[in-house]
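Please read the structure below before turning to the comments.
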Amino acid sequence: MAQKNIRNFCIIAHIDHGKSTLADRILECTQAVDERQMEAQLLDNMELERERGITIKARAVTLHYTAKDGQDYEFNLIDTPGHVDFNYEVSRSLAACEGAVLVVDASQGVEAQTLANTYLALEHDLELVPILNKIDLPSAEPDRVAHEVEDVIGLPCMDAPRVSAKMGVGIQDVLERVITDIPAPKGDADAPLKALIFDAVYDPYKGVIVYLRVFDGRLSVGEPVKLMQTGAQFTPVEVGHMGATALAPCGTLEAGEVGYFTASIKTLEDTRVGDTITGVSAPTAEALPGYRKVTPMVFCGIYPADGADYPDLKDALEKLRLNDASLSFDAETSVALGFGFRCGFLGLLHLEIIIERLEREFDLDLITTAPSVEYRITLTDGAVKLIDNPTNYPDPAQIAKAEEPFVDAHIYTPTDYVGSLMELCQNRRGIMRDMKYMDATRVDLHYELPLGEIVYDFFDAIKSRSRGYASYDYEMKGFVESKLVKLDILLNGDMVDALSMIVHADTAYAKGRRLAEKLKENIPRQMFEIPIQAAIGGKIIARETVKAMRKDVLAKCYGGDITRKKKLLEKQKEGKKKMRQLGTVQVPSEAFTAVLKLD
Ligand code: GTP
């Protein structure tokens with residue numbers, strides 16, 4: 001296809017503004033899939049993604065469209081993930097495009113991620129095509145929202161297509177706008193090969209499928225290529241376009257095109273998103289800018305509820321990593337929980353998705369420890385250590401300086417909830433930087449917050465305090481010196497390493513108390529009294545007690561039938577299985593998750 005008839009674009013939006021629904025309609029409208037194959041939200045093809053209604057990994061698809069001008073166009077639609085955890089993937093997907101369709105929900109208006117994604121798109125010099133979605137809703141206010149887009153983003157929006165992705169209204173307008181407003185790619189097909197990897201997935205039959213955008217030159221079957229960052233070399237065995245339902249091999253991709261190649265690549269390790277592909281025989285001099293190795297930000301321990309499942313857990317994690325190079329894990333042992341893994345994630349959503357997949361797809365029963373961030377500790381001898389596991393926290397006497405990661409966060413909220421959200425940020429040790437009115441009714445609260453305070457339930461807290469109206473977005477700011485202490489939990493006098501956490505000294509006392517109370521609620525009575533203590537550096541700061549009880553399951557079985565007695569004893573054993581023996585105390589798996597929510 002001639003470059004002038006190619007359009008490479010993505011759809012960006014705030015979560016739930018209708019990006020995937022619009023993508024589906026575009027697929028329908030270009031007849032990329034017939035009705036029978038049309039499965040709602042085809043681009044989100046993982047079962048979990050569909051269920052949660054979120055896009056986890058970027059996908060791309062090539063479509064053909066005959067425009068009103070009578071010409072045939074090749075559209076490469078790149079779907080981008082919609083959550084802060086996956087911002088780097090979004091940025092690489094954007095780098096593969098010339099333009100972006102910006103979907104704004106006409107009943108909601110501009111939200112945190114609308115802005116965040118717009119800025120990202122502008123950073124990549126993308127042409128933006130705003131559209132107003134959900135005009136079928138009675139609460140839609142397209143005129144007001146169009147003004148808001150103009151005021152807040154500075155993008156002309158009064159004549160933007162007004163669409164109902166759900167009802168299929170206005171979709172053709174969107175496609176025509178893509179042609180008129182988004183520029184065709186410009187690249188030199190005769191220059192040395194230069195292509196960007198924007199995604200890679202593992203396929204058990206073909207090996208890794210590398211999704212790429214060719215900027216210059218040609219990528220052909222049989223002509224060896226190398227990846228400039230990892231240095232890996234491959235000879236493509238299949239090169240082609242991504243159809244909506246199947247790959248469409250075509251042998252060669254030229255400058256301006258989006259497609260894939262396979263080369264029996266065994267691991268995703270070698271095919272990092274953001275890397276530049278070039279030819280082995282005539283390499284390009286300069287790699288494409290913007291490569292970054294993604295690093296995990298949130299860590300937690302994952303243990304099998306039943307120790308015998310350890311090999312299965314290891315297997316499952318390895319399988320998941322095949323398809324997710326940003327998941328990291330190392331074997332670790334806990335005195336309390338036995339053998340398990342310390343896993344690193346891009347963020348909490350990523351963590352939740354992985355745990356859910358482990359439990360659902362691999363049928364594992366898991367115990368996860370409280371998520372932690374990475375702290376930077378300078379020891380008195382000058383050594384600097386990164387600590388992501390409270391168990392490894394050094395002795396306070398050896399610490400010269402402790403630092404914790406901070407983020408720059410923007411919360412966008414209707415004015416009514418400002419007070420309550422400011423209180424929330426204050427409680428999480430936030431430092432207010434700015435407060436701006438976006439229009440008469442909406443405010444942008446700018447806070448610096450410790451990452452450790454927002455990892456678990458900050459998003460939920462914001463939503464509940466604002467009845468769902470506020471949204472937020474953050475980026476890493478760096479390490480800031482902080483008064484940190486390690487909070488330990490003792491059950492019946494024994495320290496439980498899996499329950500330790502690193503907390504700020506000022507909140508340690510309150511946290512210790514809450515933790516002890518929560519544990520008391522979650523640990524059932526046992527044959528003896530169980531003291532639950534919270535301690536800092538050996539000093540007890542809180543105590544609760546679970547009273548003793550004796551439960552005789554046979555008590556109500558006064559009759560002589562032995563099979564009935566046996567049944568009851570079996571049942572009791574079943575119940576016990578879900579418990580974890582920590583020293584002398586039995587703790588249900590739920591206790592570990594319950595203690596995560598301390599508010
Ligand atoms: P993420 O993938 O999580 O970023 O969400 P998304 O932006 O892709 O949103 P999605 O397409 O999943 O739509 C979110 C919800 O809005 C779904 O329940 C859709 O059915 C609904 N929705 C999308 N478009 C429209 C529309 O035009 N009108 C109405 N009434 N609902 C819509």
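Computation of the quantities below employed the complete heavy-atom set of this structure, encompassing side-chain atoms and omitting hydrogens, waters and symmetry-equivalent molecules. Ligands are counted one by one from 1 in listed order, and the atoms in each one are counted from 1 as well. Everything numeric in this text was worked out from a predicted model, so none of it was measured.
- The shortest N or O to N or O distance between L22 and ligand 1 is not under 3.5 Å.
- Of all atoms in ligand 1, numbered sequentially from 1 with element shown, those under 4.0 Å from a heavy atom of G18 are 6 (P), 7 (O), 9 (O), 10 (P), 11 (O), 13 (O), 23 (C).
- Of the candidates I135, I12, N133, the one placing a heavy atom closest to atom 24 (N) of ligand 1 is N133.
- Residue-to-ligand polar distances keep I15 apart from ligand 1: every N/O pair is separated by 3.5 Å or more.
- In summary, D136 and K166 do not engage in a salt bridge, as defined by a charged side-chain N under 4.0 Å from a carboxylate O.
- Under the 3.5 Å distance criterion, the side-chain polar atoms of D365 are left unmatched by any main-chain donor or acceptor of A305.
- Near H14, with a cut-off below 4.0 Å to any heavy atom, the atoms of ligand 1 are 7 (O).
- In D136, the part holding a heavy atom less than 4.0 Å from any atom of ligand 1 is the side chain.
- Under 4.0 Å from ligand 1, not a single heavy atom of M167 appears.
- Scanning K134, K166, H17, R25 for the heavy atom closest to atom 15 (C) of ligand 1 points to K134.
- The existence of a salt bridge linking E318 and R321 is excluded, since no basic side-chain nitrogen approaches an acidic carboxylate oxygen closer than 4.0 Å.
- Judged as a salt bridge (charged side-chain N to carboxylate O under 4.0 Å, His left out), the pairs with a partner in residues 101-127 (not counting sequence neighbours) are, in order, D105-K134, E111-R442.
- H446 pairs by the ring pair (Phe, Tyr, Trp, His ring centres under 6.0 Å) definition with H410, not counting sequence neighbours.
- Here E176 does not pair with K68 in a salt bridge; the nearest charged N to carboxylate O distance is not below 4.0 Å.
- Between D181 and R7, none of the side-chain N atoms (NZ, or NE/NH1/NH2) sits under 4.0 Å from a carboxylate O, so this pair counts as no salt bridge.
- The atoms of ligand 1 that sit less than 4.0 Å from any heavy atom of S20 are 2 (O), 6 (P), 8 (O), 11 (O).
- Of the heavy atoms in L137, only side-chain atoms (C-beta onward) come closer than 4.0 Å to ligand 1.
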